[in-house]
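Reviewing the structure listed below.
Predicted, not measured: the structure shown is a model, and the values here were computed from it. Computed from heavy atoms alone, side chains included, the values below leave out hydrogens, waters and symmetry copies.
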Amino acid sequence: MKRFLIFPCVLCLVIGLLVGVLLPIDLWGEDAPPLMSPTIPAPDPLPNAPEGSASASSSKNQEPLDTADNFPLLNSACAVTRAIQQRSWGTLAAYVHPDRGVTFTPYSTVDPDSDLTFTADQVKALAQDQNIYTWGFEDGRGNPIQMTVAQYFERYVFDKDYTLVPEIGVDRIMTGGNALENLAEAYPGCRFVDFSFPSADPVNDGLDWSSLKLVFQAEGDRWYLVGVVHGEWTI
């Protein structure tokens, strides 16, 4: 389990050198360059470029992924978080596991029976998707969470700006409540990055925390996104 210090605007370029440290952070800062800026390289190439593309061809010549190296994992996690922030569905789709897809969990406990899974092609087309899906069940009430993709992302994915989190955990839950944290059991052999806002106001008695946990599976020389888990205080 590792903790990290990440200064503004470096976009994870020095993360691998800072294992074991954690201070308040701003991952990108207001003036950070866009994801594909040449001054801050994005992952190269995008992790699941279609077969036959230049990116796919070049990736075949790269060294196998060192799954113990945190830098590629955090690099992918930061890029995914930025893609979610910008609702850049094409970029997000490029990180989705080509066979397994990506599963969305509204609360901390992963539930394979109710959580929805989308393929990379479905994620790429989310901008045009106006369907109402049942994503799970509301905490405390038990009512079905019936929302469009846009509504769900606003409430259960990017409810806060997770590019500005004060804490990041690698394979570690930074903030939790009374909900079962079952990432290890639900995603065996995978790793995750927890972008966490701990409780900020004492008046709320610690109940105002929230987190965005991104789960990745290693395959070949890439980390592929397989899970997006939202965390918050639950009854």
Side-chain angles (χ1 to χ4, degrees), residues 77 80-89 92-93 95-97 100-120 122-169 172-188 190 192-217 225-235:
V80 166
T81 305
R82 173 62 70 85
I84 291 174
Q85 178 199 45
Q86 297 178 345
R87 303 301 193 268
S88 179
W89 304 119
L92 181 60
Y95 288 89
V96 172
H97 194 285
R100 186 170 179 174
V102 56
T103 300
F104 293 91
T105 301
Y107 300 106
S108 296
T109 305
V110 180
D111 185 352
D113 293 330
S114 62
D115 295 344
L116 294 184
T117 299
F118 288 77
T119 67
Q122 288 175 315
V123 170
K124 190 174 183 179
L126 287 181
Q128 293 78 41
D129 191 343
Q130 300 300 316
N131 293 314
I132 296 177
Y133 297 96
T134 299
W135 302 85
F137 300 91
E138 292 182 10
D139 174 62
R141 299 180 180 181
N143 297 328
I145 300 173
Q146 295 182 323
M147 296 179 172
T148 64
V149 170
Q151 291 170 335
Y152 181 82
F153 268 69
E154 185 71 22
R155 172 62 182 86
Y156 289 106
V157 178
F158 216 73
D159 55 317
K160 294 181 181 179
D161 188 348
Y162 291 100
T163 69
L164 302 176
V165 290
E167 296 180 358
I168 294 178
R172 176 176 180 176
I173 304 297
M174 299 306 297
T175 308
N178 57 359
L180 173 66
E181 298 282 359
N182 65 340
L183 283 183
E185 295 77 16
Y187 294 99
C190 296
F192 69 90
V193 178
D194 183 359
F195 296 87
S196 177
F197 281 104
S199 180
D201 190 342
V203 174
N204 294 315
D205 196 26
L207 307 182
D208 57 340
W209 68 272
S210 68
S211 66
L212 176 66
K213 294 183 277 287
L214 303 177
V215 187
F216 293 86
Q217 177 178 324
L225 182 68
V226 294
V228 176
V229 181
H230 172 259
E232 63 181 40
W233 182 85
T234 54
I235 297 174

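Although no hydrogens or angles enter the test, the distance criterion places a donor-acceptor pair under 3.5 Å between the side chain of Y107 and the main chain of D139. Counting only distance, with no hydrogens or angles, the side chain of S210 and the backbone of F197 share no donor-acceptor pair below 3.5 Å. With hydrogens and angles disregarded, a donor-acceptor distance shorter than 3.5 Å links the side chain of D129 to the backbone of N131.
Heavy-atom contacts from other residues, nucleotides or ligands closer than 6.0 Å to CD of E138 number more than 12.
Proximity of the aromatic rings of F104 and F118 is defined here by a centroid distance below 6.0 angstrom, and this criterion is met.
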Exercise for review: Tell me, with the steps shown, if Q217 and Y187 meet side-chain contact (heavy atoms from CB on, under 4.5 Å).
Suggested key: CA-CA 8 Å; Q217 177 178 324; Y187 294 99; over 6 Å; no

Exercise for review: Check step by step if side-chain contact (heavy atoms from CB on, under 4.5 Å) holds for T119 and V96.
Suggested key: CA-CA 7 Å; T119 67; V96 172; over 6 Å; no

Exercise for review: Any chance you could lay out the salt bridge (charged side-chain N to carboxylate O under 4.0 Å, His left out) test for R155 and E232, step after step, and finish with the verdict?
Suggested key: CA-CA 11 Å; R155 172 62 182 86; E232 63 181 40; 3.0 Å; yes

Practice item. Carefully, step by step, assess V80 and F216 under the rule side-chain contact (heavy atoms from CB on, under 4.5 Å). Key: CA-CA 11 Å; V80 166; F216 293 86; 4.1 Å; yes

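In terms of the side chain to side chain contact (heavy atoms under 4.5 Å, CB included) criterion, residue partners of I173 (sequence neighbours excluded) are, by chain and number, E181, L183, F192, D194, K213. Residues meeting the ring-ring contact (aromatic ring centres under 6.0 Å, His included) test with W89, sequence neighbours left out: F153.
Heavy-atom minimum distance, V157 versus L212: O-CD1, 3.7 Å. The minimum heavy-atom distance linking M147 with Q151 is given by the pair CA-OE1, 3.4 Å. Of all non-hydrogen atoms in R100 and A186, the two that sit nearest each other are NH2-O, 4.0 Å. Nearest approach of L214 to A77, heavy atoms of both residues: CD1-O, 3.6 Å. Heavy atoms only, all atoms of each residue included: S196 and P166 are closest at O-CD, 3.3 Å. The two residues T117 and Q122 make their nearest non-hydrogen contact at O-OE1, 4.1 Å.
Looking at M174 and W209, their side chains never come closer than 4.5 Å, going by heavy atoms from C-beta outward. Residues Q85 and F158 form a side-chain contact, since some pair of their non-hydrogen atoms from C-beta on lies under 4.5 Å apart.
Between the side chains of D115 and T105, a donor-acceptor pair is found at a separation under 3.5 Å. Side-chain atoms of T175 and S211 include no donor-acceptor pair closer than 3.5 Å.
Looking at L225, V102, V226, T103 one by one, the single match for side chain to side chain contact (heavy atoms under 4.5 Å, CB included) with H97 turns out to be V226.
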